Protein chains: 2
Amino acid sequence: METVTIKDIAKALNLSTSTVSRALRGSYEISPETKKVVLEYAEKINYRPNPIALSLKENRSRSIGVIVPEIDNPFFSQAINGIETIVYNRGYHALIFQSYESYQREVINVQHLASRRVDGVLISLSGQTTDIDHLRELQDKGMPIVFFDRFSDEINTHKVIADNFDGAFKATEHLIKSGRRRIAHIAASASLSITKERINGYRAALNKYQRPIDDTLIKYCGYSLVEVDNVIGELLADSNPPDAIFTASDRLAVSCLTALKNKHVDIPKQIAVVGFTNLKVAHLFDPPLSTVMQPAMEMGQTAAELLLDLIERKSKAPITYQTIKLPTEMIIRESC
Amino acid sequence: METVTIKDIAKALNLSTSTVSRALRGSYEISPETKKVVLEYAEKINYRPNPIALSLKENRSRSIGVIVPEIDNPFFSQAINGIETIVYNRGYHALIFQSYESYQREVINVQHLASRRVDGVLISLSGQTTDIDHLRELQDKGMPIVFFDRFSDEINTHKVIADNFDGAFKATEHLIKSGRRRIAHIAASASLSITKERINGYRAALNKYQRPIDDTLIKYCGYSLVEVDNVIGELLADSNPPDAIFTASDRLAVSCLTALKNKHVDIPKQIAVVGFTNLKVAHLFDPPLSTVMQPAMEMGQTAAELLLDLIERKSKAPITYQTIKLPTEMIIRESC
DNA sequence: AACGTTGCCGATAACGATTGCGTAAATTTA
DNA sequence: TAAATTTACGCAATCGTTATCGGCAACGTT
């Protein structure tokens, strides 16, 4: 990879590198003629400044790091699209990393981003993460961090989340109102903020309608079909099995439907199902899947804007961190 | 972002930076005692080498660039997962960029990757791309490039593709064998290699069974529901409408199903549908969608391995570029 | 005539890490 | 004991870019 540098221009035009540099940046100290010559030659030989040299010199990279649990999940890929639109428009780049729901991988990613001198980090925590020292260290070094979707209370910074409580509340309420009497909830990793919020919404709806809360109906569960299948097995084996299931995530909803179909359970007659997913194909399902949708793209955009504001702010005044909660939407289809 | 550098270590231990550097790299020129002191102190203050400085010096970054049309597409996100597994195991990082099917965006991404000094590029072309000068230039500068899925014939390099011809052939053949008499094909962007290969497979199957090839049954189409809806409208309005549709991509299959359902077409009775998709939820559809699946993850892995081999090869001997074709799998469900 | 101002530009030092070369001290060899 | 060699380290250049500092004309001002 041979590349054109500012030195090549300087040598060719018999100028110093400083003059070339200044000419390229339009400094007033350089005469219009010199500027013209330099700019034209730079254009001609297709000069591109080396961002690596800039990063080294300025200790910043005009790029941000984005850590998500998994790209192969429509919620996160849509959020990333939101992030990129904002970030590009403001002259930055997004470096995307996946934790694959692994704590260890998340720590490695965080360290790598730090050494890459990203100017800030957007992160949605892995399902395994309980200890957030790696992020606290990063923040202590002065790195701006913004959480989206899955956050930790132990770090004081901007957070952009969906109204998980309200989404879960609406889903549970709808099931109650449509006559379901025993509503189970299949939740994701217990350590996640979204899990807690959604369970709280579920409980609150049951409370509002004076329904008993049966903790055996709340199942924490990994994403794999095997795990979900086991959980569904337990629920169905109960002497008083549920007539509805509210599922707390994309992956869980899909595994749940698959498991129920494998067991030839009639949806919604025998068991109604509501998911919490951003699948764009839920309307094609049999039956069409009712779901609580999150404004994934908007969450990404909002988080990116907050992060860039943090990065670019000049004032040394203490920051008032915000938690922005975006509304969820309940989409009712035939699965409930 | 204050960070620890080799200088800090040198100053603290009263050594020169060169000694510290060599000690950290385990050079034989450094005495065991000095090494020990340096390593322990580096560990203690949590020293991490600055990859940016290394990139600048060595003109390489131990990272590769990956350009895909869109992450929010299961085929590509799965391929990326395959790429990352390989790349990480071999000590590299993957920088992921999206062209959003835009030629202009693809060019910008390519240039950015070049200036970032990635050691190689994995790319799947955007649907708009017909001119590949941006890639040719890059290759001329010595940048290793490997195509996966969507390639260009005009660049001589490794290519990893699915057996699109065979997949399309099998899909069409299955439709013929199950008694369908007029089989339409909804194709993606005409300029894409995958489009051509799939159309050829479709034609070959029709030929084999001596069916007439009616070019009005082949529709090139964008991904949006509106466009697909129009195309379906045209097909249905025909005096002799098709009784089967073979759809050439993830997005098209979904839009196609949606459009057919909106028009209350009975699938598969009135029209059978086969997709070409990596949707992990196709079995949940109504009706379960028959589909040709590509080994997305494996394609990513293979492409990544080829690229890393190109990057790390020492010999100056001319390279024999390969085109690796991985088998597709036809999954028959109730939609046909 | 002496000095200050302004316009235009160059030399140099940094950013962090590596590396070829030089060299003093320690050790071995003759 | 002197010479030769080895050991163990420091110096300085390098990668591409910019900021700082300064130089040097050509002016104008007193």
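We name chains A, B, ... by the order of the sequence lines, and we start the count at 1 in each one. What you see below is based on every heavy atom in this structure, not just the backbone, and it leaves out hydrogens, waters and symmetry mates. In this text the structure is predicted, and so the values were computed from the model without any measurement.
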Asks: B:Ala79: what forms a side chain to side chain contact (heavy atoms under 4.5 Å, CB included) with it, not counting sequence neighbours?
Replies: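 Counting only residues at least two positions away or on another chain, B:Ala79 forms a side chain to side chain contact (heavy atoms under 4.5 Å, CB included) with B:Phe148.
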Asks: Please name all residues satisfying side chain to side chain contact (heavy atoms under 4.5 Å, CB included) with A:Asp8, sequence neighbours left out, ordered by chain then number.
Replies: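 Testing A:Asp8 for side chain to side chain contact (heavy atoms under 4.5 Å, CB included), a comparison that skips the adjacent residues, returns A:Val4, A:Thr5.
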Asks: For the pair made of CG in B:Leu54 and P in D:dC15, what is the distance, rounded to whole Å?
Replies: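 That distance rounds to 15 Å.
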Asks: Using atom CZ of B:Arg25 as one end and atom P of C:dT18 as the other, report the distance to the nearest whole Å.
Replies: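 B:Arg25 atom CZ is separated from C:dT18 atom P by 5 Å.
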Asks: For residues 143-158 of chain B, which residue pairs pass the side chain to side chain donor-acceptor pair (under 3.5 Å) check, not counting sequence neighbours?
Replies: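 Side chain to side chain donor-acceptor pair (under 3.5 Å) check on residues 143-158 of chain B returns B:Glu101-B:Arg150, B:Arg136-B:Glu154, B:Arg150-B:Tyr223.
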Asks: Using a 4.0 Å heavy-atom cut-off, does A:Ile52 contact any base of the nucleic acid, only the sugar-phosphate backbone, or nothing at all?
Replies: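 Nothing, no nucleic acid heavy atom in range.
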Asks: Which residue pairs pass the ring pair (Phe, Tyr, Trp, His ring centres under 6.0 Å) test with at least one member in residues 98-126 of chain B, sequence neighbours excluded?
Replies: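 Only A:His93-B:His112, B:Phe97-B:His112, B:Tyr103-B:His134 qualify under ring pair (Phe, Tyr, Trp, His ring centres under 6.0 Å).
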Asks: Rounded to the Å, how far apart are B:Glu33 CD and D:dT7 P?
Replies: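 It is 13 Å, rounded to the nearest whole Å.
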Asks: Expressed as a whole number of angstroms, how long is the span from A:Ile30:CD1 to D:dA19:P?
Replies: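 To the nearest whole Å, that distance equals 12 Å.
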Asks: Which residue pairs pass the salt bridge (charged side-chain N to carboxylate O under 4.0 Å, His left out) test when at least one of the two sits in residues 19-29 of chain A, sequence neighbours left out?
Replies: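 Every pair satisfying salt bridge (charged side-chain N to carboxylate O under 4.0 Å, His left out) with a residue in residues 19-29 of chain A: A:Arg22-A:Glu29.
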Asks: Mind checking if A:Ser55 touches a base, just sugar-phosphate, or nothing, with heavy atoms under 4.0 Å?
Replies: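 No contact.
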Asks: Excluding sequence neighbours, so at least two apart, what forms side chain to side chain contact (heavy atoms under 4.5 Å, CB included) with B:Arg48?
Replies: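 Checked B:Arg48 against side chain to side chain contact (heavy atoms under 4.5 Å, CB included); matches are A:Gln111, B:Asn46.
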Asks: If the threshold is 4.0 Å, N to carboxylate O, is there a salt bridge linking A:Glu137 and A:Lys141?
Replies: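 Here A:Glu137 does not pair with A:Lys141 in a salt bridge, since their nearest N and O are not under 4.0 Å apart.
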Asks: Tabulate protein N/O versus nucleotide N/O from nucleotides 12-15 of chain C, keeping only pairs under 3.5 Å, one per line.
Replies:
from   : atom 1 : to     : atom 2 : distance (Å)
C:dC15 : OP2    : B:Lys7 : NZ     : 2.6

Asks: Sorted by first residue and then second, give each salt bridge (charged side-chain N to carboxylate O under 4.0 Å, His left out) pair with at least one member in residues 64-93 of chain A; sequence neighbours left out.
Replies: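 Only A:Glu70-A:Arg251, A:Asp72-B:Lys280, A:Arg90-A:Asp309, A:Arg90-A:Glu312 qualify under salt bridge (charged side-chain N to carboxylate O under 4.0 Å, His left out).
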Asks: Residues of residues 38-48 of chain B with any non-hydrogen atom less than 4.0 angstrom from an atom of DNA chain C: list those, numerically ordered, please.
Replies: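 Heavy-atom cutoff 4.0 Å gives B:Tyr47, B:Arg48.
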Asks: Using a heavy-atom cut-off of under 4.0 Å over every strand shown, decide if B:Ser21 touches base, sugar-phosphate, or nothing.
Replies: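 The answer is base, as B:Ser21 lies within the cut-off (heavy atoms under 4.0 Å) of a base atom.
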